[in-house]
Amino acid sequence: MARNINDFSIPELVKTASRDARSRAARPALDDVKQKRRPDILPGPTPFLPLSVTPNFRGDPDRAAVRGCKATEWSSAEGDVTTELKGYGVEYRMERLPDGTMRVETSVGIPDLECSDVTLPMALFVPAPEPSDVTDVKDIVIAERADIDPPGK
């Protein structure tokens, strides 16, 4: 949703992703606009199939790691839905906020995770997103520190 509207400060994203993760999510949109390309449209949330959850990640009860398969090439200039989803391995590293909410702190690729034979779940936005009319990077709302971000992050 944030990428489709080029606003990486929306409350829905702040609740589910750290400032670092929000900043990373903004990079493709910034690069597209800088290079005079229309930002791609995501027809729905990026398909992801969780395969394992590691609580107490690195010995910290406020951290977890979720490994799974994430779709490649989910977005396009027109927002078309691909008929053949392919996946790659990813690990989402989660953090627990003081109110108990878990959100993505960062993500890393896991190249040796086998994703070639998985069926990725898919959902679509209704209504479908409109193409972005942003043509200047100053019109992309970048991720600023939010009140719920831990100090120093």
Peer 1: Atom CD1 of I142 and atom CZ of R27: how far apart are they, to the nearest 0.5 Å?
Peer 2: 11.0 Å
Peer 1: If every non-hydrogen atom of V53 is compared with every non-hydrogen atom of P55, which pair is closest and at what distance?
Peer 2: O-CD, 3.4 Å
Peer 1: Quick check: closest heavy atoms across A71 and T46, and the distance to 0.1 Å?
Peer 2: O-CG2, 4.0 Å
Peer 1: Which distance, rounded to the nearest 0.5 Å, do you find between the OG1 of T16 and the CD1 of I10?
Peer 2: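 The OG1 atom of T16 sits 8.0 Å away from the CD1 atom of I10.
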Peer 1: How far apart are the closest heavy atoms of C115 and G89, and which atoms are they?
Peer 2: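 Shortest heavy-atom separation between C115 and G89 comes out as SG-N, 3.7 Å.
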Peer 1: Taking side chain as C-beta onward, heavy atoms only, is V81 less than 4.5 Å from M122?
Peer 2: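 A side-chain contact exists here, since the closest heavy-atom pair is under 4.5 Å.
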Peer 1: Any sub-3.5 Å donor-acceptor pair from R103's side-chain atoms to V14's backbone N or O?
Peer 2: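 Answer holds: yes.
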Peer 1: Shared ILVMFWY cluster between V118 and L113, side chains joined below 4.5 angstrom?
Peer 2: yes
Peer 1: So do D32 and K34 actually touch side chain to side chain, heavy atoms under 4.5 Å?
Peer 2: no
Peer 1: Compare every heavy atom of G44 with every heavy atom of W74, then report the nearest pair and how far apart it is.
Peer 2: NE1-O, 2.7 Å
Peer 1: Can you name the nearest heavy-atom pair linking N6 to A29, along with the distance?
Peer 2: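 What the structure gives for the nearest pair is OD1-CB, 3.3 Å.
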Peer 1: For R96, what residues pass the side chain to side chain contact (heavy atoms under 4.5 Å, CB included) criterion, not counting sequence neighbours?
Peer 2: D62, M102
Peer 1: When you compare the side chain of I110 with that of D112, does any pair of heavy atoms fall below 4.5 Å?
Peer 2: yes
Peer 1: Go through it in stages, so that I can follow the logic: the residues are M94 and F57, the test is side-chain contact (heavy atoms from CB on, under 4.5 Å), and I'd like the CA-CA distance, side-chain angles, deciding distance and then a yes or no.
Peer 2: CA-CA 9 Å; M94 311 295 290; F57 183 64; over 6 Å; no
Peer 1: What do you reckon, is CD of E73 surrounded by more than 12 foreign heavy atoms closer than 6.0 Å?
Peer 2: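 Not buried by this count: 12 neighbours or fewer within 6.0 Å.
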Peer 1: Donor-acceptor pair, S18 side chain versus A21 backbone, under 3.5 Å?
Peer 2: yes
Peer 1: Counting only heavy atoms not in D117, do more than 12 fall under 6.0 Å of its CG?
Peer 2: no
Peer 1: What are the two closest non-hydrogen atoms of P121 and L49, and how far apart are they?
Peer 2: CD-CB, 4.0 Å
Peer 1: Using side-chain heavy atoms (C-beta onward) and a distance below 4.5 Å, is V108 in contact with V90?
Peer 2: no
Peer 1: Calculate, to the nearest 0.5 Å, the distance between atoms OG1 and CZ belonging to T54 and R63 respectively.
Peer 2: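 Going from the OG1 atom of T54 to the CZ atom of R63 covers 14.5 Å.
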Peer 1: Run through D139, I140, T135 and flag the one making a side chain to side chain contact (heavy atoms under 4.5 Å, CB included) with V33.
Peer 2: I140
Peer 1: Using a 3.5 Å distance criterion without hydrogens, assess whether the side chain of S76 forms a donor-acceptor pair with backbone atoms of G79.
Peer 2: yes
Peer 1: Are E91 and R93 close enough for a salt bridge, meaning some N to O gap below 4.0 Å?
Peer 2: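 Between R93 and E91 there is a salt bridge, with a charged N closer than 4.0 Å to a carboxylate O.
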Peer 1: Any side-chain heavy atom of C69 within less than 4.5 Å of one from L51?
Peer 2: yes
Peer 1: Please report the interatomic distance CG(D99) to NZ(K15), rounded to the nearest 0.5 Å.
Peer 2: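 NZ of K15 is found 10.0 Å from CG of D99.
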Peer 1: Rounded to the nearest 0.5 Å, what separation is found between the CZ atom of R22 and the CG atom of D7?
Peer 2: 11.0 Å
Peer 1: Using the rule that Ile, Leu, Val, Met, Phe, Trp and Tyr join whenever any side-chain heavy atoms are under 4.5 Å apart, tell me whether V66 and L97 fall into a single cluster.
Peer 2: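 No, because V66 and L97 fall into different hydrophobic clusters, even though each may have its own neighbours under 4.5 Å.
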Peer 1: Please round to the nearest 0.5 Å and tell me the distance separating atom CD of E95 and atom OG1 of T106.
Peer 2: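 One finds 10.0 Å between CD of E95 and OG1 of T106.
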Peer 1: When hydrophobic residues are tied together by side-chain contacts of less than 4.5 Å, even through go-betweens, does F48 share a cluster with L13?
Peer 2: no
Peer 1: If you group Ile, Leu, Val, Met, Phe, Trp and Tyr whenever their side-chain heavy atoms sit less than 4.5 Å apart, what else falls in with V126?
Peer 2: none
Peer 1: Quick one: are Y92 and S107 in side-chain contact, heavy atoms under 4.5 Å?
Peer 2: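 Sidechains of S107 and Y92: in contact.
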Peer 1: Examine distances only and state if a side-chain atom of S23 and a backbone atom of R19 form a donor-acceptor pair shorter than 3.5 Å.
Peer 2: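 A pair under 3.5 Å: yes.
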Peer 1: Before accepting this row, confirm whether a basic side-chain N of the pair R24/D20 lies closer than 4.0 Å to the acidic partner's carboxylate O.
Peer 2: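 Yes, this pair counts.
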